[in-house]
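Each remark here refers to the structure printed beneath this line.
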Amino acid sequence: MSSNVRVRFAPSPTGLLHIGGLRTALYNYLFAKHHNGTFVLRIEDTDRTRYVEEAEQDIFENLIWASLKPDEGPATAIMNSAGDWPRGTSVTEESALGEEKDTGSFGPYRQSKRTELYHTYAKQLVDSGHAYYAFDTVDEIEAMRERFRTAKNPTPKYDPQTRSTMKNSLTLPENEVRRLLDDGAEHVVRLKVPSGETVRFDDLVRESVSFETDGLDDQVLLKADGMPTYHLANVVDDHLMSITHVIRGEEWLSSAPKHILLYRYLGWEPPEMAHLPLIMSPGGGKLSKRKAEEEGIPVNVRDYRLDHYEPEALVNFLAFLGWGPGDDREFLTLPEMIEAFTLDRVNKSGAIFDFKKLLWFNEHVMRDREDADLARELQPLAAEKGWGDVNERFLKSVVRLLKERVSRLPEFLEAGKFYVEAPKEYEEKAAKKAWKEGTTERVAKYRDRIAALGDETFVAPELKQILTDLVEEEEVGFGKLMMPVRVAVTGVGSGPDLFESLELLGREEVIRRLDAAVVKLG
RNA sequence: GCCGCGUUCGUCUAGGGGUCUAGGACGCCGCCCUUUCACGGCGGUAGCACGGGUUCAAAUCCCGUACGCGGUACCA
């Protein structure tokens with residue numbers, strides 16, 4: 001049973017999907033699903049100068065990777081695909097934009113394909129006296145700002161005061177306006193903002209918000225290139241697409257009153273609005289690409305996908321940046337989040353991106369996954385890293401031994417490097433601490449005893465027993481032999497269970513490494 | 001500058017007049033477990049921005065200040 005709740009995620013294809021964008025999408029998705037509603041994807045490609053070819057594709061891929069598949073959206077191969085997308089893989093080639101039909105009946109879902117609509121409504125606004133044509137060039141507007149600029153007002157607006165000095169259909173005689181229009185003179189359509197009014201609305205996150213219209217400028221609705229601005233397009237589309245709730249970032253709060261005015265002048269009921277707190281950089285300020293990367297935080301969702309982060313972890317972490325279920329749970333599956341999600345639990349203040357906490361979520365998700373599953377995902381990475389044709393069974397053992405000590409999938413390859421490659425050198429501190437008087441002799445003895453083991457008996461319990469017996473005979477502590485063996489075999493002083501590791505390496509390899517260490521460290 | 005929004009441990013948050021000597025989580029520190037390191041378990045550290053009100057009572061309501069953030073484009 002579906003309700004009439006309809007929300008949209010409306011990114012602009014001006015760059016790769018940003019982590020903040022993903023959170024906005026997530027909250028929209030959660031809200032929609034919580035109410036059995038519809039999650040719409042709309043591409044706001046009205047800025048032709050900033051259009052980035054690969055951006056749209058990137059948005060689709062990453063939404064699907066994060067399990068936030070839109071119910072309605074533009075026509076693409078990936079949108080029409082089954083849904084599950086392989087973790088951590090780039091799929092650009094295989095999923096090239098297709099010519100399939102849109103999913104949903106409120107399309108087209110790309111604003112660049114809806115321009116006639118915007119012109120119709122812009123015309124309607126002009127005819128009803130709530131908008132007007134303006135013929136000023138960019139230079140003329142700049143000159144106006146220069147003219148009215150004062151210390152108190154560094155950026156004069158195009159508003160009821162200044163518009164009377166400009167070239168527009170409010171100041172020009174009617175026949176002149178007609179002539180300019182007929183001649184195809186470059187022009188824009190501007191919203192005629194009233195003076196002396198208060199626009200108030202109830203934000204679902206912030207409650208009552210109000211603005212004085214005197215603080216607003218005559219927003220351009222239709223640009224000279226014929227494209228609408230965000231303001232017009234978003235209002236027209238949200239209405240035509242029957243969007244019931246607009247859930248977007250706080251950076252839009254300031255323009256909300258202009259939207260309210262547009263709904264009013266178009267004679268439409270505005271949707272409910274919810275402005276989400278921004279995701280902040282640890283150093284302060286909106287988490288911008290540059291700022292984040294300076295602090296070592298990737299901002300593109302693609303980076304996380306290609307780096308094999310667990311999508312469930314990223315989603316869980318992002319959900320908690322500005323929202324919480326209200327109880328003590330920290331780990332929630334997507335269905336659990338859907339169940340718990342309400343806008344009144346969304347916070348008002350910005351949330352700083354805590355990278356360590358993301359890693360904690362990632363570790364948790366990884367440890368919950370099956371060894372075989374992780375091994376399968378690891379295999380291509382291992383091959384890439386030059387691990388040779390290691391089989392899945394071997395990788396599964398590596399995963400089992402290392403799972404509790406890595407934060408991200410690729411780290412298996414670093415932490416487990418010694419499983420495929422003998423140490424070239426020994427960590428100095430560890431070697432010095434392990435290799436003392438008599439060590440060489442003891443290691444040699446251990447080497448000889450385990451060398452005598454058969455293939456079936458070269459197993460962890462046996463290897464441990466032999467070492468235990470030997471330290472007893474030698475009357476030394478367990479670590480006096482265990483640590484040197486560990487350093488000899490792995491090169492470092494810490495790591496996963498030694499005997500399991502020896503078993504996995506196999507007799508020949510272990511003997512080789514022990515011999516090498518006796519020579520180098522003895 | 002102007003407009004708007006915000007402010008509980010370092011961070012994410014619970015809390016919405018008395019049950020708050022403010023709860024949980026990440027991080028950090030310590031202890032335990034242990035063959036090392038981790039994992040895990042236990043414990044600790046640390047916070048209501050400030051100043052005025054209102055009230056018998058305020059982290060919670062009101063006002064102001066400070067600070068932070070956003071907006072101030074023919075970008076979204």
Side-chain angles (χ1 to χ4, degrees), chain A residues 10-15 44-47 49-50 134 136-138 141 145 149-158 186-190 203 205-206 209-212 214-217 219-231 233-234 248-257 275 277-278 280 282 284-286 317 320-331 345 347-361 363 367 402-406 415 430 433-434 464 467-468 471 477-483 485-487 490 492-499:
Chain A
S12 173
T14 52
E44 309 229 326
D45 52 351
T46 56
D47 186 345
T49 64
R50 292 204 304 157
D136 318 279
T137 65
V138 201
I141 292 167
R145 294 213 171 102
R149 178 171 295 138
T150 61
K152 285 261 183 193
N153 187 188
T155 44
K157 296 183 289 292
Y158 203 113
E186 265 210 357
H187 66 278
V188 301
V189 173
R190 284 183 183 268
D203 187 279
V205 169
R206 284 148 218 288
V209 179
S210 68
F211 290 83
E212 299 303 321
D214 291 349
L216 271 30
D217 64 348
Q219 185 62 56
V220 169
L221 301 177
L222 226 44
K223 298 185 265 189
D225 67 358
M227 286 297 231
T229 57
Y230 168 84
H231 307 282
N234 130 336
R248 82 241 283 193
E250 201 200 26
E251 68 266 33
W252 294 109
L253 189 58
S254 301
S255 40
H275 289 92
L278 263 18
M280 317 281 279
K286 185 157 81 163
F317 169 73
F320 275 68
L321 244 37
W323 173 84
D327 49 38
D328 284 347
R329 288 132 88 207
E330 298 284 343
F331 301 110
R345 296 208 59 84
N347 279 289
K348 297 177 175 68
S349 47
I352 295 175
F353 192 101
D354 182 355
F355 200 73
K356 281 192 172 163
K357 194 151 189 176
L358 169 61
L359 287 179
W360 177 69
F361 275 111
E363 289 162 5
R367 281 163 202 159
L402 256 23
K403 203 178 174 182
E404 312 277 82
R405 43 215 330 131
V406 298
K433 201 175 159 199
K464 183 174 185 180
L467 193 136
T468 308
V471 294
F478 190 90
K480 282 271 185 293
L481 183 50
M482 189 281 277
M483 283 310 284
V485 172
R486 173 182 292 285
V487 171
T490 71
V492 294
S494 67
D497 185 273
L498 213 216
F499 306 103

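Sequence lines set the chain letters: A, B, ... in the order given, protein chains first and strands last, and positions in each chain run from 1.
By the 4.5 Å heavy-atom criterion applied to side chains, A:Trp360 and A:Lys356 are not counted as neighbours.
Pair assignment for B:rU36 gives none, since no Watson-Crick or G-U wobble pairing has each distance under 3.5 Å. Under the Watson-Crick or G-U wobble criterion, with both distances below 3.5 Å, B:rA14 has no partner in any strand shown. Under the Watson-Crick or G-U wobble criterion, with both distances below 3.5 Å, B:rC31 is paired with B:rG41. Using N1 to N3 plus N6-O4 or O6-N4 for Watson-Crick, or N1-O2 and O6-N3 for G-U wobble, each under 3.5 Å, B:rC61 pairs with B:rG53.
Counting any heavy atom pair closer than 4.0 Å across all strands shown, A:Tyr230 reaches a base atom. Using a 4.0 Å heavy-atom cutoff across all strands shown, A:Ser254 reaches at least one base atom of the nucleic acid. Residue contacts shown for A:Phe320 are limited to sugar-phosphate atoms, with no base heavy atom under 4.0 Å away. At a threshold of 4.0 angstrom between heavy atoms, the contacts of A:Met227 with the nucleic acid are absent. Contact annotation for A:Asp136: base contact, defined as any heavy-atom pair under 4.0 Å involving a base atom. A:Ser210 comes within 4.0 angstrom of sugar-phosphate atoms only, judged by non-hydrogen atoms across all strands, and of no base. Using a 4.0 Å heavy-atom distance criterion, A:Asp497 is classed as a base contact. Counting any heavy atom pair closer than 4.0 Å across all strands shown, A:Gly479 reaches no nucleic acid atom. Residue contacts shown for A:Ser349 are limited to sugar-phosphate atoms, with no base heavy atom under 4.0 Å away. At the heavy-atom level, A:Thr46 lies under 4.0 Å from the strands shown only through sugar-phosphate atoms.
Residue A:Arg345 has a polar side-chain atom (N or O) positioned under 4.0 Å from OP1 or OP2 of B:rG15. Listed pair A:Lys223 / B:rC75 meets the phosphate criterion, a side-chain N or O lying under 4.0 Å from OP1 or OP2. Residue A:Asn234 places no side-chain N or O under 4.0 Å from the OP1 or OP2 atom of B:rA76. In this model, the phosphate group of B:rA25 is not approached by any side-chain N or O of A:Lys356 to a distance below 4.0 Å at OP1 or OP2. Look at A:Thr49 and you won't find any side-chain N or O under 4.0 angstrom from OP1 or OP2 of B:rC75. Within the structure, a side-chain polar atom (N or O) of A:Lys286 is placed less than 4.0 Å from OP1 or OP2 of B:rG71. Taking only side-chain nitrogens and oxygens, A:Asn347 comes nearer than 4.0 Å to OP1 or OP2 of B:rA14.
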Test log, rule side-chain contact (heavy atoms from CB on, under 4.5 Å), inputs A:Leu358 and A:Phe353: CA-CA 9 Å; A:Leu358 169 61; A:Phe353 192 101; 4.1 Å; yes

Worked check of side-chain contact (heavy atoms from CB on, under 4.5 Å) between A:Val209 and A:His275: CA-CA 11 Å; A:Val209 179; A:His275 289 92; over 6 Å; no

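Each of A:Gln219 and A:Gly284 was assigned the nucleotide of RNA chain B with the nearest heavy atom; the assignment lying further toward the 5' end belongs to A:Gly284.
For the residue pair A:Thr49 / A:Asp47, a side-chain donor-acceptor distance below 3.5 Å is found, with atom types taken as modelled.
Separation of the P atoms belonging to B:rU21 and B:rU11 is 24 Å when rounded to the nearest angstrom. Taking the P atoms as reference points, B:rA59 lies 11 Å from B:rA22, given to the whole Å.
Whole-Å rounding puts the A:Leu278 CG to B:rG68 C1' distance at 12 Å. Whole-Å rounding puts the A:Met280 CE to B:rG6 C1' distance at 9 Å. In this structure, the CG atom of A:Leu358 is 14 Å from the P atom of B:rC26, given to the nearest Å. The distance from atom CH2 of A:Trp360 to atom C1' of B:rG24 is 10 Å, rounded to the nearest whole Å. Look at CH2 on A:Trp252: it is 13 Å from P on B:rA73, rounded to the nearest Å. If you measure from atom CD1 of A:Ile352 to atom C1' of B:rG6, you get 13 Å, rounded to the nearest angstrom.
Judged by atom type and distance alone, A:Arg50 reaches the base of B:rC75 through a side-chain donor-acceptor pair under 3.5 Å.
Counted within 6.0 Å of NZ on A:Lys223, heavy atoms from surrounding residues, nucleotides or ligands total more than 12; the atom is thus considered enclosed.
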